[in-house]
Each structure stands twice: as C-alpha cells, then as structure tokens.
Amino acid sequence: MRTIQATLQRPTQPYRLKSFACIAQDFNDISFHNSSLTDGSQLYTSFLRQCTERKSLSGIRRVQLHMIKSGFGHLSLGNKLIDAYLKCGSIDDARDLFDELPHRHIVTWNSMIASYSKQKRSKEAISLYEGMAWEGVFPDEFTLSSVFKAFSDLGLVRGGRRAHGQAVVLGLEVSNVFVGSALVDMYAKLGRMRDARLVLDRVLEKDVVLFTALIVGYTQHGEGVVALEVFGDMLKQGIKANEYSFASILITCGNLEDISNGKLIHGLIIKSGFESAVASQTSLLTMYSKCGLIADSLKVFKRFVNPNQVTWTSLIVGLAQNGREEVALTKFRQMIRNSINPNSFTLSSILQACSSLAMLDQGKQIHAIVMKFGLDRNKFTGAALIDLYGKCGSTEMARSVFDGLLAFDVVPINTMIYSYSQNGLGHEALELFNRMKDLGLEPNDVTFLSVLSACNNAGLLEEGCRIFASMRNNCNIELTRDHYACMVDLLGRAGRLKEAEMLINQVSNPDVVLWRTLLSACRIHREVEMAERVMNRVFELAPADDGTHVLLSNLYASTGNWDQVIEMKSMMREMRLKKNPAMTWVDVDRETHTFMAGDWSHPRSKEIYEMLEELIEKVKGLGYVPDLRFVLQDLDEEKKQRSLYYHSEKLAIAFALWRSKNKTTTIRILKNLRVCGDCHNWIKLVSIAVRREIIARDAKRFHYFKDGLCSCKDYW
DNA sequence: GCATGGCCTG
C-alpha cells in the first residue's frame with residue numbers, strides 16, 4: 001500500500017488520481033512494486049498485468065471503464081486490454097472491445113484469431129482472418145499458424161489450401177518452421193497425408209515438432225508403418241526426439257502391437273533421459289498394454305511418483321481391455337482413495353469392465369459415481385452405462401440413461417439398439433432405428449449390424465430382409481461381410497438354408513466366418529448333407545479352425561453319429577486343437593465366483609453339489625428329462641446324465657441359490673460360451689421350482705428366465 | 001507437435 005501512496009503523490013491529473021485510488025481499493029491486495037510509475041499509461045499497464053495474473057475479469061472491466069471515463073481508452077492501451085481479457089479467458093469481452101477499436105495492431109488480430117482457434121470457435125477465427133485484408137492488415141506467421149488449425153477443425157480443405165497459398169506467397173512455408181508444422185498438422189488432420197508430406201519436405205530447417213506432426217498424422221490414419229519410417233528419417237537427419245515425439249511414436253507402436261519397436265523406443269527414452277517425462281511414460285504404459293503385456297504396463301506405472309488422472313486412467317483402460325476386469329476395479333478404487341478424480345475416460349472404461357463381466361451391482365455403484373461427477377448425460381459415459389445395463393439384462397435402465405442424454409449421437413443409439421437386440425426386443429430396436437431418421441441422424445455400419453442382429457435375435461425374418469435390401473440401395477453404407485454374416489444367420493436359422501448359401505456366393509471373398517455361420521445353421525436344422533459340403537469350404541479356408549471342429553462334432557453328436565464324432569475328436573487331437581473350456585461366473589455379495597464343468601475347486605463345493613442334487617430332484621418332479629443330445633462324448637447313459645448335471649452354469653446357479661436361500665433376489669450368471677440346450681431347459685424349470693428369476697448372459701445374448709419361460713422364446 | 005474413452009454380426 002505504501003508504494004501506491006507514493007505513486008499517487010506524483011499525480012498528473014487529480015481526477016485520475018482519485019479513481020486510481022478507487023481501483024486500488026477494490027484490489028487492496030494488489031501492490032505496485034514499480035515505484036517509478038509516473039503516468040497513467042504505465043499505471044494501467046501495471047494494473048492490467050496484475051489483474052491478468054489473478055485472472056480477475058471484474059478488475060479488467062473496472063480498468064476499462066476507468067480508461068473510458070478518463071479519456072485514455074481506445075488508444076494504445078486497447079490492445080493490452082484485449083490481451084488481458086483473452087488471458088483471463090473472456091474472448092467475448094475481448095471481441096466487444098476489438099470491434100470498437102479504431103486501430104488494431106496485427107498482434108491484436110493474432111491474439112483474437114489464436115484464441116478463437118484454441119477454443120474451437122473456428123468459424124469466428126476464419127471470419128476474422130478473412131476480414132483482415134479489408135483493413136489492409138496482412139497475416140504474418142502467427143496468424144497463419146493459428147488459422148490453419150481452424151480450417152482443419154472445420155474440415156475445410158479449400159479454405160486451408162487458400163491460406164496455404166498465402167503462406168507460399170509470403171515465403172513463410174519454407175522459411176518458417178512454425179508455419180510449416182501448422183500446415184503439416186492441418187493437412188494431417190484433413191487426411192491429406194500426401195500434402196502434409198510435401199510441406200515437410202519443403203521446409204528448410206526442420207525440427208522435431210514438424211516431424212512429430214507428420215508422425216501423428218500417419219498414426220491417426222492407420223499408417224503406423226510409415227510413421228515409424230518417418231521417425232527413423234528424423235533420427236537419421238540428426239534431429240533428436242523429445243518427450244512428445246516419443247509419446248507419439250509409442251502410440252504408433254501400440255496401435256501396431258509392434259512390441260519390438262516399442263521396446264527399442266523404450267530403450268531410446270532411457271538413453272535420452274526422458275524416463276520421468278509424464279506424457280511419454282503414459283504412452284509407454286499404453287503401448288505395453290495394447291501389446292498385451294500387462295505386467296510391463298504395471299511396471300511402468302509403479303515408477304510414477306505421483307500418477308495423475310490420465311496415468312491412472314491409462315492403466316485402468318489397459319487392464320479393462322486385457323481381460324483383467326477385477327484388477328481394473330481394484331485400481332479404480334485405489335485411484336479414488338488417492339483423491340484422484342476420475343473423468344469420462346476413466347468412468348467409461350471401468351463401466352466397460354463391469355459390463356463385460358455383467359457385474360450389475362458394481363456397475364450401479366459406478367453409475368452413482370458418474371452422477372456425482374455430473375457425467376451421466378455425457379455421451380461416452382452414457383453409452384457405457386447403456387451398454388452395462390443392456391448387457392446386464394436391464395433394458396429399462398439402459399433406456400432411462402439413453403433418454404437422459406444431452407444430445408443425440410449415433411454411438412449411444414447403436415448401443416441402445418444393440419441392448420434391445422441382446423435382450424430379444426426386436427420391435428423396440430426397430431422402433432428406435434426408424435426414429436433415427438426423424439432425429440436427423442445417419443445410421444452407420446454398426447447401426448445396421450445392431451439392428452440386423454436384433455432381427456436375428458427376435459426371429460424377425462421379413463424385417464431383417466427389408467433392412468438388408470435397403471442397405472444395398474444406400475450408397476453411404478458399405479456392406480461388409482459382417483452384415484452378410486448376420487443375414488446368413490437370420491436366413492439359416494429360419495431354415496432357409498439355400499437362400500443363405502446363395503447369399504454367401506454373392507460375397508466376393510467369403511471368409512470362414514460366413515461358411516461357419518451357415519454350418520451352424522445346418523447343425524440347428526440337422527442338415528448333415530449340406531453341412532459336409534460347407535465343411536469342405538471352411539477347411540479350404542481355415543484347415544485348423546477349432547470352432548468348425550467343435551461345430552461338426554456337435555452336429556454329429558446331436559444326430560447320433562458317434563463314429564464321426566470320434567473321428568472329429570481325434571482330428572482335433574492330432575491338430576492339437578482344444579475346445580475353449582466352458583466357464584460360468586456368478587456374482588454373490590460383490591464377489592465373483594468362477595465355475596467349470598465338474599469343478600470341485602470351489603471351497604464350498606460340498607454344499608454346492610448337495611444343492612445341485614436337490615435342484616435336480618425338484619425339476620425332475622416338474623418333468624425334466626436330461627437331453628442327452630447335448631453330451632458330446634459317447635458315454636454310457638448314467639455317465640451322460642452325470643456330465644450334463646455338472647455343467648458350469650448349473651454349478652453356478654446351485655451356488656448362488658445356496659448362498660441366497662430364503663431370498664427372492666434375481667440370480668445373474670455369465671457364461672463365456674453359449675448356454676447348452678439341456679441347461680436352458682433345466683434353468684427354465686428351476687425358475688419355477690425355486691420361484692426365482694434367473695438371468696443368464698451367454699456369449700451371444702441374454703436369457704431372462706421367469707416362471708418356466710425364457711425371454712429368448714427358445715430361439716438362440 | 002504430445003499421454004487416457006463409448007457401440008459391432010458369427
């Protein structure tokens with residue numbers, strides 16, 4: 001305060017003096033250290049600087065008001081005021097003032113354009129840039145660097161090219177590496193990698209930023225191999241990589257799952273002394289997890305002294321996507337305990353972990369956290385929540401999340417359609433699909449896949465055919481093998497095997513999946529003859545396809561051709577093919593229990609098997625007869641029955657019922673393969689016997705068992 | 001120029 005007083009004793013005009021005091025009072029914690037301030041201009045400047053440091057918008061407004069009153073405004077200080085507003089984040093205040101200023105310095109133009117660009121208000125950035133020339137102000141390297149971003153943000157290739165032309169005319173394209181980098185970045189973001197490359201080649205003095213822009217561009221357009229080459233070129237030219245370029249090239253390695261180059265880069269990072277640089281270490285972590293090396297990922301994570309939000313999130317994403325859902329949940333809880341807030345990235349990933357294990361209770365807890373952070377209307381977390389509820393069999397909850405979303409987006413809609421599909425609600429899926437047009441949204445390839453699968457799961461043959469036909473007329477959608485596979489399945493399961501086969505023949509290069517789908521339809525309709533023909537096609541394309549061997553041996557088993565079953569099994573043995581073992585998970589009291597067929601590894605196995613025997617007796621009373629067609633071994637009758645009784649889903653249900661005796665809660669199980677016909681029938685009867693609802697999610701869809709019926713209407 | 005994310009048939 002003393003310094004202010006000192007300044008104020010040397011006034012130039014009494015009026016100003018008084019008002020400075022007023023301003024000073026409003027900011028009585030602001031002090032003036034520069035006692036040599038003698039005129040208003042310097043004093044204003046000093047005030048503005050301090051307001052900027054404090055991010056005090058009201059302070060700047062007061063200064064502006066005072067300047068106007070004292071006749072100081074609208075002159076040289078205007079640019080400084082604009083700068084102060086921009087630094088405090090109020091672009092609109094800055095613009096109001098900007099429009100009033102009679103003389104606007106190129107620097108002020110640049111600040112305005114750069115701010116609009118940064119805040120993705122790209123249209124405003126471009127319109128200012130285009131307005132400059134009218135006032136006889138010509139863009140410089142700063143103007144161009146920021147306006148390129150605006151063009152790429154809006155996808156305006158033509159405008160971007162025009163601005164590029166201006167850079168060429170001004171000679172800045174080759175001589176200024178900032179302009180060059182911004183240009184490379186623009187073309188990369190516009191997907192014009194050839195142009196980006198040409199620009200880079202022309203820049204005289206290249207640097208690491210310029211190269212990184214090109215590397216990122218190639219990586220983001222799926223040309224990781226080229227990105228690696230460019231990185232190599234950069235090093236060859238003696239340009240050293242820094243933290244950011246390491247971060248970028250590691251993403252490339254991760255996408256390519258190129259662990260050998262990844263490790264090479266890891267070594268380079270250590271050599272170059274960037275071992276504690278956050279961005280490159282986070283990329284390193286992600287690279288290892290994308291390559292499936294979770295242990296290495298964890299090792300990198302442990303080296304962080306203070307992992308931040310992004311680091312924690314990267315770890316959790318890696319765990320969730322590598323089938324380590326439980327560990328992901330543990331880490332998530334640790335993150336929260338360490339007072340690191342999750343963001344929409346974290347929450348959507350952890351929700352993904354919950355939905356892939358159908359952990360409804362855990363998922364609901366995460367939903368509460370999502371709401372706490374105000375992200376329940378966010379499209380990413382929203383889609384993840386819809387997916388969770390859909391995969392847990394609660395389409396009502398999924399729908400309520402969906403209805404709460406702020407804006408319509410194709411992904412949440414696809415997720416919702418797919419939720420209906422999984423739960424056999426074909427008509428609901430179709431209704432939403434039809435509504436998309438009214439909402440002005442273009443369905444994409446995933447939308448069609450989801451809606452076709454909805455028709456498939458609900459047995460809506462006519463509707464499916466109609467949609468498929470409409471896709472063929474829609475030139476915006478590329479018909480993929482996946483869409484064909486869905487149709488083949490739909491036709492095949494409806495028994496229209498000939499048509500399904502004809503459809504496959506229309507595909508230019510039918511792959512194994514298509515033929516195997518038809519083969520599976522042959523199995524359902526016990527079409528041994530066609531199956532053998534199709535089998536040959538499958539083995540031509542994939543001689544060692546384990547799925548096909550299993551499928552065929554199932555077909556032979558269900559038609560009682562045990563000789564062929566044995567032949568298949570021995571073929572599988574010879575080729576060392578192993579059936580994926582069937583597993584069932586069940587969540588009881590927030591703990592996940594895993595079961596395999598005939599499994600005695602559970603500590604409460606004795607109780608489980610007792611419960612199971614009890615259940616079997618009960619359902620036998622309701623007419624249960626073991627369906628021996630689902631036994632894939634040629635055992636004697638008694639053993640066949642036994643092998644059916646101990647299927648993993650039966651064990652899991654017995655356990656869950658034992659643990660929740662006298663309760664009425666719904667039992668939820670998750671199976672990695674598709675539920676077998678015998679178990680399906682058994683569970684229906686159990687739902688009557690114990691008067692409980694049972695929800696089973698198998699590899700393909702949901703089964704909602706209640707009062708002896710299943711939501712799939714025995715069609716799966 | 002740089003680190004993390006949502007939906008997908010069989």
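Order of the sequence lines fixes the chain letters, A, B, ..., with proteins taken first and strands second; residue numbering starts at 1 for each chain. Heavy atoms only: backbone and side chains are in, while hydrogens, waters and symmetry mates are out.
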Colleague: Is there a donor N/O on one and an acceptor N/O on the other, under 3.5 Å, for the side chain of Ser349(A) and the base of dG5(B)?
Modeller: no
Colleague: Check every strand shown and say whether Ser314(A) touches a base, only sugar-phosphate, or nothing at a heavy-atom separation below 4.0 Å.
Modeller: sugar-phosphate
Colleague: Do Phe380(A) and the base of dG5(B) stack face to face, with centres under 5.5 Å apart and an angle between planes under 30°?
Modeller: yes
Colleague: Look at the side chain of Val216(A) and decide which nucleotide, out of dC7(B), dC2(B), dA3(B), has an atom nearest to it.
Modeller: dC2(B)
Colleague: Using a cut-off of 4.0 Å on non-hydrogen atoms, how would the nucleic acid contact of Asn343(A) be classed: base, sugar-phosphate, or nothing?
Modeller: base
Colleague: Just jot down the side chain to side chain donor-acceptor pair (under 3.5 Å) partners of Gln362(A), sequence neighbours excluded, or say none.
Modeller: Arg333(A)
Colleague: Looking at dC2(B) and Tyr244(A): do their rings stack (centroid distance under 5.5 Å, interplanar angle under 30°)?
Modeller: no
Colleague: Give one of base, sugar-phosphate or nothing for Ser344(A), where a contact means two heavy atoms less than 4.0 Å apart.
Modeller: base
Colleague: Could you give all pairs that pass the salt bridge (Lys or Arg N to Asp or Glu O under 4.0 Å) test and reach residues 298-321 of chain A, with sequence neighbours left out?
Modeller: Glu275(A)-Arg303(A)
Colleague: Lys290(A) near the nucleic acid: base, sugar-phosphate alone, or nothing, with a heavy-atom cut-off under 4.0 Å?
Modeller: nothing
Colleague: Classify the side chain of Asn242(A) and the base of dG1(B) as holding, or not holding, a donor-acceptor pair under 3.5 Å.
Modeller: yes
Colleague: Assign Gln281(A) to base, sugar-phosphate, or nothing according to its heavy-atom contacts below 4.0 angstrom with the strands shown.
Modeller: nothing
Colleague: May I ask you to evaluate whether Lys379(A) reaches the phosphate of dG5(B), defined as a side-chain N or O under 4.0 Å from OP1 or OP2?
Modeller: no
